[in-house]
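These numbers come from a predicted model, not from an experiment. Chain identifiers are assigned alphabetically (A, B, ...) following the order of the sequence lines, protein sequences preceding nucleic acid strands; residue numbering begins at 1 within each chain. As a basis for the values below, the full set of heavy atoms in this structure was taken, side chains included, without hydrogen atoms, waters or symmetry mates.
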Amino acid sequence: MIAKVIVDVAAYPIDRPFDYIVPVAMESIIEPGIRVKVPFGNRKVLGYVTGIKNETDIAIDKLKSIDELIDLDPVISSELLDLSRWLAVQTLSYEIDALQVMLPAAMRAKYEKYIDVVDQEKVVDEEFLNLLKGRKRVPLKEADTASLLKVIKNYTSEKIITVDTIVRQQTAIKKVRMIRIEEAPKLHVILESLHSNAKKQFELIQWMIQREGQTFTSKSLLEQSGISPATLKSVIERGAAFEEYVESYREPEAPGMKDVAIPVDLTEEQVVALGHISSSVKSGVAETFLLHGVTGSGKTEIYLRAIKEVLEKGQEAIVLVPEIALTPQMTSRFKARFGPLVAVMHSALSAGEKYDEWRKIQRGEVKVVVGARSAIFAPFKNVGIIILDEEHEATYKQEDTPRYHARDVAIKRAEYYGCPVILGSATPSLESYARASKGVYTLLTLMNRARNQALPAVEIVDMREELRLGNRSMFSLDLAEAIRKRIDSGEQIILFLNRRGFSAFVLCRDCGTVVECPNCDISLTYHRASERLKCHYCGHEEIVPLKCPECTSEHIRFFGTGTQKVEEEITKLFPTARVLRMDVDTTRQKGAHERLLRQFSEGKADILLGTQMIAKGLDFPNITLVGVLAADTTLHLSDFRAAEKTFQLMTQVSGRAGRHELPGEVFIQTYTPEHYAIQLAKEQHYEPFYKHEMAARRQFGYPPFYFVTLVQFSHEDLLKVADFAEKGTRFLKDNLSIDTQIIGPTAAAVSRVNNRYRYQCLLKYKKEPMLTETLQQLIKLYRTKWIKSGLIMTVEVEPMSI
DNA sequence: AGCACGCCGACT
DNA sequence: GTCGGCGTGCTC
């Protein structure tokens, strides 16, 4: 019997199955999806069995045998095995990367090498003997000097010692030590044999006789008997009890918030939308729905009811939410509705906790998973529905290999199971809406809010005008007035600062020098908490200079607006206001996110001030005012999605106000009030925005009219990167059709990051039959030749930004 | 990716 | 003369 194995080595010539002999003892157990330890070259690696066969073309003398099985049951189902192959092709990545991304990080292999002494007599080297200290097995990494490694090499070739590789999972699986007590007759025998001064052991065995045959966790046994661990150990050695280790789950912190929306009657729109989804669930035919509903229209309630139907059919549900929206508020609604049937997967869980959740899914102990992007690979075996909430979010696209989009994977999995995919959003991506318009997806619309509240009144404030009136503060007069009113009446406020591309930088007022990162072509960002300047690209940090590094002037200070600075100004303007600041700095700590939100929901603050992370999903009855401090900051990014992102953000954040009884009000401050993205966000008019933006995309040849692929090059040497970028672009031009636009090579927007110069080449095409093949050839060229010269090249099909 | 094999300069 | 530098080539 021969097994086809994909080995855990990400390299170009290795990216294919290797054949191994299956030892007879393994034949009845082995099947595709099981992991194995195999010899590869002169080392041992982990591999995934992808197929079983009886013949091979490989010469017999070349074939090796599988060393051992890592799993007894497949960890990758046949469905996911096929999906990984598809994923590798789609994203132009190694098959091993596509496989690994499907499993929790804790299951990734870790390699440890040990020296085993075979012939003790012949070990004479003093340094080596010193390393052994009498042991017969020593971790190889303890040998850290060159001379020792040399001795090891010699001893290995003389077969005095061998080097053994242990393949194991990264994080130990949490196990609980269980103690099973023997039967009474045996205990009596042991009791007799005890020495008279072993009083504690005598006591423990008598205690055990009362509980013969029972099993305890070692912890509870020690507590209940009041005996020390040392005594227990001796008693176990005498054979009075067995130890066994049982895999146990960690219990992730229980969310503290209740389901705020008790099941209510559905609106007519909701009934219609749910009806379409239900009939798809029943039909067993894959169908993709775009659920377009204004903020507060009750999309989540539709998800919950659709999932209920799926569970009643005996099937499972996958719910994806953007990481940032994976708040306790969101997950607790699912937990409240489906209780212990829900597994939650988010980045705040430890590697071990993620593994536990994964196991619960795999064992079929849960039926619903709510999670971020990677939860799309949940190891369910009978998926009945897949939901992507806020489907337009860029976080659904993975930034490193395999660069997959969760939406594409969802649709692929749904095809296999013949089940519906629900893409939900108040502001769908243009791609999805275009597909819905063309009938590729089924469009479901919710025009009204579930509790029939009016959408909040949105006012656009022209900050240029404020400036003209002499108001140099970051709060317009109207917004300041509205804030004051809310503080007085005890209502709550959300202030949103879209900091991206608009962070606090340090500028010399005499010579105009901006302090830049020494490794990247970008200005450094001022961080108040640490009083340091940081680079957001490479992580470089330095102290804030007191003098200008160029002209030594002392007139150097920071400009721009960060949340910390806004917080200061709020305290100055509204001394009585209680402010909670939520950004990367205040939420880094585990659980900080939840704590801040809980404080806010309990009314312990008047103002919640934050960045992107407060724009989504929050639902608090007392919020009646939302202020956007500077709406334009996303607008000026050099990206084709800039307007779309701005519109989405404005709509999302506005939707936080007035979701319950109290009416909401929104102020959007901007320096470009005439821009269509801002004007149309005012009324949450998606349709006109869509039409306007589509016209722009058509004109400039961007998605969804054209597909794009981005090829990026980086190198320490500017001349070399320009040269390779030119070569790569030429290769693409020579091999792709004439209708494909090939733009570049051009220097990237941030032309140097971490001391590497960056170039890129952009492909735009409607139909390019040669695309995959040409890109594969380009990658081959890179991986076999160019990579040696220090070039790094990445290819991203359909990037989220360029 | 690793790791060994293999061919040329500086040391006991 | 050997030790060791890292260029080249292979992994079922």
Could you check whether A:K113 gets within reach of a base, just the sugar-phosphate, or nothing at all, counting any heavy atom under 4.0 Å? sugar-phosphate
Can you tell me how far P of C:dC12 sits from OH of A:Y20, to the nearest Å? 5 Å
Across all chains, not counting sequence neighbours, the side chain to side chain donor-acceptor pair (under 3.5 Å) partners of A:Y417 are A:E79
For A:R43, enumerate each residue passing the side-chain contact (heavy atoms from CB on, under 4.5 Å) test, keeping only those at least two apart in sequence or located in another chain. A:V9, A:F40, A:V45
Integer-rounded Å distance: C:dC12 P and A:D19 CG: 11 Å
Just to be sure I understand the geometry, which residues of residues 40-50 of chain A put a non-hydrogen atom under 4.0 Å away from DNA chain B? A:N42, A:R43
Please determine whether a side-chain nitrogen of the Lys or Arg among A:D119 and A:K122 lies less than 4.0 Å from a carboxylate oxygen of the Asp or Glu. yes
Taking NZ, NE, NH1 and NH2 as the nitrogens, is one of them in A:E431 or A:R641 under 4.0 Å from a carboxylate oxygen of the other? yes
Listed once per pair and sorted, the side chain to side chain donor-acceptor pair (under 3.5 Å) pairs that draw on residues 4-24 of chain A, sequence neighbours left out: A:D8-A:Q100, A:D8-A:Y111, A:D19-A:K53, A:D19-A:T56
Kindly indicate whether the side chain of A:V369, heavy atoms from C-beta on, has any atom under 4.5 Å from the side chain of A:V319. no
Inter- and intrachain pairs under ring pair (Phe, Tyr, Trp, His ring centres under 6.0 Å), touching residues 48-81 of chain A, at least two apart: none
Report the distance from atom CZ of A:R16 to atom C1' of C:dT11, rounded to the nearest whole Å. 8 Å
For A:Y94, enumerate each residue passing the side chain to side chain donor-acceptor pair (under 3.5 Å) test, keeping only those at least two apart in sequence or located in another chain. A:R783
Qualifying ring pair (Phe, Tyr, Trp, His ring centres under 6.0 Å) pairs with a residue from residues 123-166 of chain A, counting only residues at least two apart or across chains: A:F128-A:Y155
Looking for any heavy atom pair under 4.0 Å, which part of the strands does A:R783 touch: base, sugar-phosphate only, or nothing? nothing
Taking only heavy atoms on the protein side, list every residue of residues 84-95 of chain A lying under 4.0 Å from any atom of DNA chain B, sorted numerically. none
For the pair A:D67 and A:K44, find out whether any cationic side-chain nitrogen is under 4.0 Å from an anionic carboxylate oxygen. yes
Of all residues at least two apart in sequence or in a different chain, which pass the side chain to side chain donor-acceptor pair (under 3.5 Å) check with A:T401? none
Just checking A:L63: base, sugar-phosphate only, or nothing, at a heavy-atom cut-off of under 4.0 Å? sugar-phosphate
I'd like the 5' and 3' limits of the part of DNA chain B contacted by chain A, with heavy-atom contacts below 4.0 Å. B:dA1 to B:dA4
Is any NZ, NE, NH1 or NH2 atom of the basic residue among A:E415 and A:R413 found under 4.0 Å from an Asp or Glu carboxylate oxygen of the other? no
Where do N or O atoms of nucleotides 1-10 of chain C meet protein N or O atoms at under 3.5 Å, pair by pair?
none

Can you tell me which residue pairs pass the ring pair (Phe, Tyr, Trp, His ring centres under 6.0 Å) test with a partner in residues 779-802 of chain A, sequence neighbours excluded? A:F724-A:W786
